[in-house]
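One structure below.
Naming: A, B, ... by sequence-line order, numbering from 1 per chain. Side-chain atoms are counted along with the backbone in the values below, which use heavy atoms only and exclude waters and symmetry mates.
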Protein chains: 2
Amino acid sequence: MYSVFMSTPERLIESTRELLWERGYVGTSPKAIQQHAGAGQGSMYHHFAGKPDLALAAIRRTAEEMRATADAVLGGDGSAYARIESYLLRERDVLKGCPVGRLTMDPDVIASDELRAPVTETLDWLRDRIAGIVEEGRSQGEFTDALVPQDIASTVVATVQGGYVLARSSGSPAAFDTAVRGLLALLAAARTPPARS
Amino acid sequence: MYSVFMSTPERLIESTRELLWERGYVGTSPKAIQQHAGAGQGSMYHHFAGKPDLALAAIRRTAEEMRATADAVLGGDGSAYARIESYLLRERDVLKGCPVGRLTMDPDVIASDELRAPVTETLDWLRDRIAGIVEEGRSQGEFTDALVPQDIASTVVATVQGGYVLARSSGSPAAFDTAVRGLLALLAAARTPPARS
DNA sequence: GTCTATATCCCGATAGAC
DNA sequence: GTCTATCGGGATATAGAC
């Protein structure tokens with residue numbers, strides 16, 4: 001399943017990431033992880049204390065990767081609107097859902113402060129990052145002063161997370177795109193008339 | 001757990017609804033349902049073919065209830081904006097998430113056409129219902145013609161679904177409210193200047 | 001580090017007595 | 001309609017050999 005040059009702990013973490021994404025924490029068993037990683041029972045428990053420990057390593061890595069990806073897009077060139085647009089239109093595995101956001105629906109993740117922490121931190125970071133861009137756009141006169149950066153940023157993040165829900169419900173990525181199109185139209189309407197990019 | 005006047009099948013369905021809401025399909029076992037309902041093993045399998053059969057009855061009822069609740073709010077008085085605002089601000093058990101939307105993150109629900117159908121139908125119905133209101137607002141000159149009803153309606157539904165994600169991530173209903181506030185500000189900006197309610 | 005064996009419990013269901 | 005018994009398998013480890 002993985003390159004022979006990848007160490008056993010590494011294969012275990014990567015396997016856990018994929019299974020958490022596909023089936024969630026509750027739906028992922030140690031046995032399934034071992035089979036996916038091509039590792040034995042004893043091997044897994046030698047490197048990790050148990051399922052929660054391994055899941056924590058996997059979730060942390062997924063969270064970090066998501067922050068890096070988002071930061072690269074949001075830190076690009078262009079107006080505030082353009083950068084938010086880039087983020088909203090970036091390529092996504094829409095039907096698989098958000099590997100971080102989906103964990104909020106996992107009762108065992110939410111019940112554990114340790115497992116939930118990377119999720120909270122990542123979504124908070126993303127919202128603040130976008131809020132900063134909205135604030136920039138506002139001070140440049142691109143957006144109306146009426147917009148509250150934190151509120152708009154929350155709406156942007158929520159639309160993406162909810163877009164995944166609509167896509168998975170309908171079985172088509174188009175539902176995600178439709179929600180994003182609506183948000184972009186609303187954001188465009190909130191731009192001040194003079195300055196267009 | 002329930003009134004003695006509720007029949008066993010009824011208690012089983014209601015218990016399943018609550019457990020599906022709290023723990024999802026994968027995280028809900030027949031045994032847990034039986035204990036919650038105060039019913040025995042044999043009793044459950046007498047009234048229902050198995051876990052999927054019982055879950056289907058529970059999901060259908062939850063979906064129907066959600067449509068009725070939403071329809072009551074969306075069919076109220078006032079401008080298009082006012083009715084969408086009422087929907088967005090209606091009371092919710094925010095930290096528990098959406099009992100319908102959360103099912104889209106359940107791999108076994110998505111894998112089953114029968115179990116997924118009520119979810120798809122409900123979210124589609126909701127989007128169309130809201131799109132009709134946006135269309136009304138547009139033809140009344142309340143909203144810019146630039147708004148595409150289906151797109152805006154998808155954004156509204158997505159913001160709500162994503163709002164649940166943000167709330168559960170942060171452990172506070174306030175995150176939901178923030179996203180809604182942002183959306184309402186954007187919708188307000190898309191209203192045509194002359195007609196205000 | 002990795003393997004197999006073992007343990008205890010739960011899962012989802014069936015069978016048949018009452 | 002409800003109960004208990006039973007089933008084959010999986011969940012989540014621990015123990016100890018190699």
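- The interatomic distance linking Y45(B) (OH) with dC7(D) (P) rounds to 17 Å, in whole Å.
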Generate the contact string for nucleotides 1-7 of chain C. Rules: B means base contact, S means sugar-phosphate contact only, - means no protein heavy atom under 4.0 Å. BBBB---

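- Residues forming a side-chain hydrogen bond (donor to acceptor under 3.5 Å, both in side chains) with D151(B) (at least two apart in sequence, or on another chain): R181(A).
- Distance F48(A) CZ to dT14(D) C1': 18 Å, rounded to the nearest Å.
- In the region residues 23-36 of chain A, proximity to DNA chain C at under 4.0 angstrom, judged on heavy atoms, holds for none of the residues.
- Under the ring pair (Phe, Tyr, Trp, His ring centres under 6.0 Å) criterion, no residue pair touches residues 109-150 of chain B, with sequence neighbours excluded.
- A search for side-chain hydrogen bond (donor to acceptor under 3.5 Å, both in side chains) contacts involving Y164(A) returns R92(A), not counting sequence neighbours.
- Taking the side-chain hydrogen bond (donor to acceptor under 3.5 Å, both in side chains) definition, one finds that Q34(A) meets it with Q41(A), sequence neighbours left out.
- Remark: T62(A) engages R17(A), P99(A), V100(A) in a side chain to side chain contact (heavy atoms under 4.5 Å, CB included) (not counting sequence neighbours).
- If you check residues 109-117 of chain B against DNA chain C, you find no residue with a heavy atom closer than 4.0 Å.
- In this structure D128(B) satisfies the side chain to side chain contact (heavy atoms under 4.5 Å, CB included) test together with Q150(B), sequence neighbours excluded.
- No more than 12 heavy atoms of other residues, nucleotides or ligands shown are found within 6.0 angstrom of CZ on R60(B).
- With sequence neighbours excluded, no residue forms a salt bridge (Lys or Arg N to Asp or Glu O under 4.0 Å) with R11(B).
- Hydrophobic cluster of I13(B): the remaining members, joined at side-chain heavy-atom separations below 4.5 Å, are L12(B), L19(B), I33(B), M44(B), Y45(B), F48(B), L54(B), listed by chain and number.
- For V26(B), the side chain to side chain contact (heavy atoms under 4.5 Å, CB included) partners at least two apart in sequence or on another chain are R23(A), V26(A), D106(B), P107(B), D108(B).
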